[in-house]
Amino acid sequence: MLFVRDKGRMCNNILQYGHVYAWGREHHRQTMSMRFAYKYPWFHICETRYHHYLTYVFAKYGAKFGLIPVVNFDEDGKDYSHEEQLMLDSRMLVVGGWYARWYDLFLKYKPEILQLFSFKEKVECKVAELLGTEKSLRLGVHIRRGDYASFMDGKFFYSDEQYIHIIQQFQLLHQGERLIVYICGNDPQIEKDYYHRNLPMCEVVFPNGNPAEDLCLLSHCDYIIGAPSTFSLVATMYHDSPLYWIENPEVKLTLESFKHFDDLFRRIY
């Protein structure tokens with residue numbers, strides 16, 4: 001059994017476990033996510049075998065007291081052949097680190113990963129109410145603030161004016177269509193009225209859901225825009241929605257600016 005000791009936030013955990021799961025499937029090794037055994041209850045994986053709190057405690061303290069060996073993938077570009085051999089040979093092993101990545105295997109087992117991280121019915125029903133049934137073009141916008149003030153020296157910490165400018169450019173690309181803009185993010189102080197005033201030709205919705213509800217909502221949008229993050233990346237994974245990562249807010253937005261998960265997940269910041 002490979003116990004995956006996840007780091008970071010929810011969507012980091014989804015991607016990290018997805019990579020180890022794919023490696024395990026290819027090499028006939030069982031895996032479990034320690035984080036999804038107790039922390040994020042909104043996904044199908046939480047109802048699968050081994051994903052419960054007792055297994056988490058067993059793996060955590062087994063590793064802490066040296067009863068279960070640990071391998072870490074903490075260094076970008078390192079040769080991890082030794083660690084992979086341990087993953088093959090060990091009866092039980094805790095696997096950690098952000099650089100446990102097997103891109104081709106992830107894509108091979110992507111349908112299974114999507115099934116594991118499918119949303120529970122309660123989440124899908126809540127999102128279905130927000131989406132409604134009226135025909136319209138749905139744009140999901142993920143506003144990342146908080147830790148992005150310091151991440152990469154604030155490179156991707158954008159103002160409301162910058163987000164609105166990009167939304168307005170998107171609107172110009174789809175003139176004549178009814179546009180609903182769903183704005184999710186981690187900034188509780190966002191000025192909602194400012195968006196409504198500056199986007200009068202759009203219907204602007206602030207869902208205020210929990211992290212899984214926001215992720216599910218974004219995944220159902222026709223297009224997604226956001227600062228480079230694993231949250232918007234995982235959102236596009238579900239239905240292959242075109243995603244525009246704002247790497248330079250001064251660059252003009254075009255339809256060619258939008259990319260897809262299978263390309264973007266190979267160049268996570």
Side-chain angles (χ1 to χ4, degrees), residues 2-24 31-46 51 56 59-60 63 70-78 80 83 94-103 105-107 109-110 112-119 123 140 142-152 154-157 184-187 209-219 224 226-238 241 243 245-247 259-269:
L2 303 177
F3 303 100
V4 184
R5 184 165 64 186
D6 311 312
K7 289 187 176 181
R9 301 188 182 190
M10 183 178 76
C11 289
N12 289 39
N13 302 158
I14 290 174
L15 291 174
Q16 183 189 21
Y17 179 71
H19 278 287
V20 181
Y21 171 85
W23 187 95
T31 60
M32 69 84 62
S33 166
M34 294 173 66
R35 192 64 65 90
F36 285 91
Y38 76 96
K39 188 167 186 179
Y40 307 113
W42 306 294
F43 302 89
H44 170 66
I45 190 174
C46 304
H51 284 89
Y56 162 74
K60 177 179 178 178
V70 177
V71 294
N72 287 302
F73 292 75
D74 289 328
E75 196 175 323
D76 189 14
K78 178 181 174 181
Y80 285 111
E83 285 78 2
V94 171
V95 180
W98 182 232
Y99 295 103
R101 298 181 185 176
W102 295 275
Y103 295 107
L105 291 179
F106 190 108
L107 294 179
Y109 294 101
K110 183 179 170 186
E112 295 180 23
I113 295 167
L114 286 171
Q115 177 58 32
L116 283 172
F117 289 101
S118 60
F119 301 98
V123 175
H142 182 240
I143 294 178
R144 186 68 179 263
R145 299 259 173 76
D147 57 326
Y148 266 37
S150 57
F151 176 65
M152 296 187 72
K155 180 178 181 180
F156 303 127
F157 189 89
C184 306
N186 65 342
D187 181 1
N210 63 42
E213 290 167 352
D214 283 353
L215 184 68
C216 182
L217 177 62
L218 289 177
S219 78
I224 303 172
S229 77
T230 56
F231 199 93
S232 55
L233 179 64
V234 171
T236 194
M237 177 178 72
Y238 284 92
S241 307
L243 168 63
W245 266 351
I246 310 168
E247 297 178 276
K259 307 298 179 186
H260 294 272
F261 175 86
D262 291 3
D263 297 318
L264 289 172
F265 93 124
R266 295 178 184 270
R267 56 182 188 91
I268 302 171
Y269 286 90

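- For S219, the side-chain hydrogen bond (donor to acceptor under 3.5 Å, both in side chains) test picks out no residue, with sequence neighbours left out.
- By the ring pair (Phe, Tyr, Trp, His ring centres under 6.0 Å) test, F73 pairs with Y80, W102, sequence neighbours left out.
- Listed by chain and residue number, R101 satisfy the side-chain hydrogen bond (donor to acceptor under 3.5 Å, both in side chains) test with Y103 (two or more places apart in sequence, or in another chain).
- Take Y56 and apply the ring pair (Phe, Tyr, Trp, His ring centres under 6.0 Å) test, not counting sequence neighbours, and it matches Y38, Y53.
- Applying the side-chain contact (heavy atoms from CB on, under 4.5 Å) test to L264 and every residue at least two apart in sequence or in another chain returns L233, L243, W245, K259, R267.
- Scored by the side-chain contact (heavy atoms from CB on, under 4.5 Å) test, D214 finds C184, P207, F231 as partners (sequence neighbours excluded).
- Applying the side-chain contact (heavy atoms from CB on, under 4.5 Å) test to F157 and every residue at least two apart in sequence or in another chain returns R145, Y148, A149.
- Every side-chain hydrogen bond (donor to acceptor under 3.5 Å, both in side chains) that E112 has, sequence neighbours left out, goes to Y21, R25.
- Residues passing the salt bridge (charged side-chain N to carboxylate O under 4.0 Å, His left out) test with K39: none are found, sequence neighbours excluded.
- Considering only residues two or more places apart in sequence or on other chains, F119 meets the ring pair (Phe, Tyr, Trp, His ring centres under 6.0 Å) condition with F43, Y238.
- Ring-plane geometry between Y17 and H51 is classed as perpendicular, the angle between the planes exceeding 60 degrees on a 0 to 90 degree scale with a lower cut at 30.
- Looking at residues two or more places apart in sequence or on another chain, you find a side-chain contact (heavy atoms from CB on, under 4.5 Å) between K155 and M152.
- The side-chain heavy atoms of M237 and F265, taken from C-beta on, include no pair separated by under 4.5 Å.
- Listed by chain and residue number, D240 satisfy the side-chain hydrogen bond (donor to acceptor under 3.5 Å, both in side chains) test with H260 (two or more places apart in sequence, or in another chain).
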